[in-house]
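Only a predicted model underlies this, so the values are computations on that prediction, with no experimental measurement involved. Nothing fancy with the numbering, it's 1 onward along the sequence.
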Amino acid sequence: VQLQASGGGLVQTGNSLRLSCAVSGRIFSSNVMGWFRQVPGKEREFVAAVRWGTGAAYYADFVKGRFTISRDRAENTVYLQMNSLKPEDTAVYYCARGVSLDTLPSAYNSWGQGTLVTVSS
């Protein structure tokens, strides 16, 4: 399976972006699709995840109320709608496929290449 993340860019504080993750290959109903982010010198951190079968979504506390994860099963695509962006949201964002819901990157076995989000103050 291959994951292709896109949609990053440069935005001002308070604006929005929508990231997409197009998946080629099979995604099983039991899979979990997640978004993570990473800044240089720091560990990759969990942002949000969605169960592919049910659509149930989970979020890190620091994005609750601002970000929304969703999936389009017909398009094999996962989205991350990011609103009210802050400078501290600046990072490379990665999508990933996992076999169980977890906030640890090690639980995900397929990764996209990442897309850079830069939020200016």
Side-chain angles (χ1 to χ4, degrees):
V1 65
Q2 291 185 327
L3 289 74
Q4 181 74 38
S6 61
L10 172 64
V11 296
Q12 292 185 328
T13 297
N15 284 1
S16 300
L17 276 177
R18 188 177 80 156
L19 305 183
S20 299
C21 177
V23 182
S24 60
R26 183 76 183 272
I27 308 177
F28 298 94
S29 294
S30 57
N31 282 144
V32 173
M33 299 300 298
W35 285 98
F36 289 76
R37 67 186 188 185
Q38 189 170 23
V39 297
K42 292 190 175 182
E43 293 185 350
R44 194 166 295 187
E45 65 177 353
F46 173 80
V47 175
V50 61
R51 294 189 184 275
W52 191 254
T54 65
Y58 306 87
Y59 299 94
D61 286 344
F62 56 79
V63 300
K64 284 182 179 177
R66 298 191 300 126
F67 291 9
T68 302
I69 188 171
S70 62
R71 91 274 192 254
D72 185 328
R73 297 183 68 175
E75 295 294 328
N76 251 28
T77 301
V78 181
Y79 301 99
L80 185 67
Q81 177 67 44
M82 305 186 296
N83 299 328
S84 302
L85 283 162
K86 306 174 182 179
E88 51 264 44
D89 294 318
T90 295
V92 177
Y93 284 72
Y94 297 89
C95 60
R97 187 188 72 169
V99 296
S100 62
L101 179 65
D102 204 304
T103 60
L104 294 176
S106 57
Y108 295 77
N109 52 20
S110 299
W111 291 84
Q113 85 288 1
T115 185
L116 176 62
V117 173
T118 304
V119 185
S120 63
S121 57

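- Atom OG of Ser20 is separated from atom CG of Asp72 by 10.0 Å, given to the nearest 0.5 angstrom.
- Following chains of ILVMFWY side-chain contacts shorter than 4.5 Å, one can reach Leu101 starting from Tyr94, so the two form part of one hydrophobic cluster.
- Within a 6.0 Å radius of CD in Gln2, other residues, nucleotides and ligands contribute 12 heavy atoms or fewer.
- Annotation: side chain of Trp35 is in contact with side chain of Cys21 (closest heavy-atom distance under 4.5 Å).
- Grouping the Ile, Leu, Val, Met, Phe, Trp and Tyr side chains by contacts below 4.5 angstrom, directly or via other members, places Val47 with Val11.
- With no hydrogens or angles considered, a side-chain donor-acceptor pair links Asn83 and Ser16 at under 3.5 Å.
- Rounding to the nearest 0.5 Å gives a distance of 10.0 Å between CZ of Arg51 and OG of Ser30.
- When every heavy atom of Ala49 is checked against every heavy atom of Tyr108, the shortest pair comes out as CB-OH, 3.9 Å.
- Between Trp111 and Phe36, the ring centre distance stays below 6.0 Å.
- With contacts defined as side-chain heavy-atom distances shorter than 4.5 Å, the pair Val1/Arg97 qualifies.
- Expressed to the nearest 0.5 Å, how far CZ of Phe46 lies from CG of Leu104 amounts to 10.0 Å.
- Between Thr77 and Ala22, the closest heavy-atom pair is OG1-CA, 4.1 Å.
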- Please test Glu88 against Ser121 for side-chain contact (heavy atoms from CB on, under 4.5 Å), starting from the C-alpha separation and ending with a verdict. CA-CA 10 Å; Glu88 51 264 44; Ser121 57; over 6 Å; no

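- Here the closest heavy-atom approach between residue Thr54 and residue Arg71 is recorded as C-NH2, 3.7 Å.
- Closest non-hydrogen pair, Ala91 versus Tyr93, comes out as O-CD1, 3.4 Å.
- Applying side-chain contact (heavy atoms from CB on, under 4.5 Å) to Leu19 and the options Thr115, Ile69, Val78 leaves one that passes, Thr115.
- Interatomic distance, CE of Met33 versus CG of Leu80, reported as 12.0 Å (0.5 Å rounding).
- Ion pairing between Lys64 and Asp61 holds under the 4.0 Å rule for side-chain N and carboxylate O.
- A side-chain donor-acceptor contact under 3.5 Å links Arg66 to the backbone of Ser84.
- You'll find the side chain of Ser106 stays beyond 4.5 Å of the side chain of Arg44, heavy atoms only.
- Thr90 places a side-chain N or O within donor-acceptor distance of the main-chain N or O of Val119, the cut-off being under 3.5 Å.
- With contacts defined as side-chain heavy-atom distances shorter than 4.5 Å, the pair Met82/Asp89 does not qualify.
- Annotation: side chain of Gln4 is in contact with side chain of Gln113 (closest heavy-atom distance under 4.5 Å).
- Between Arg26 and Phe28 the shortest side-chain heavy-atom distance falls below 4.5 Å.
- Contact check for Leu85 versus Phe67: side-chain heavy atoms found under the 4.5 Å cut-off.
- Side-chain atoms of Thr68 and Arg18 form no donor-acceptor pair, as typed in the model, at a separation below 3.5 Å.
- Residue Trp52 forms a side-chain contact (heavy atoms from CB on, under 4.5 Å) with just one option from Val32, Asn76, Val23, and that option is Asn76.
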- side-chain contact (heavy atoms from CB on, under 4.5 Å) between Leu17 and Val117, intermediate numbers included: CA-CA 9 Å; Leu17 276 177; Val117 173; 3.9 Å; yes

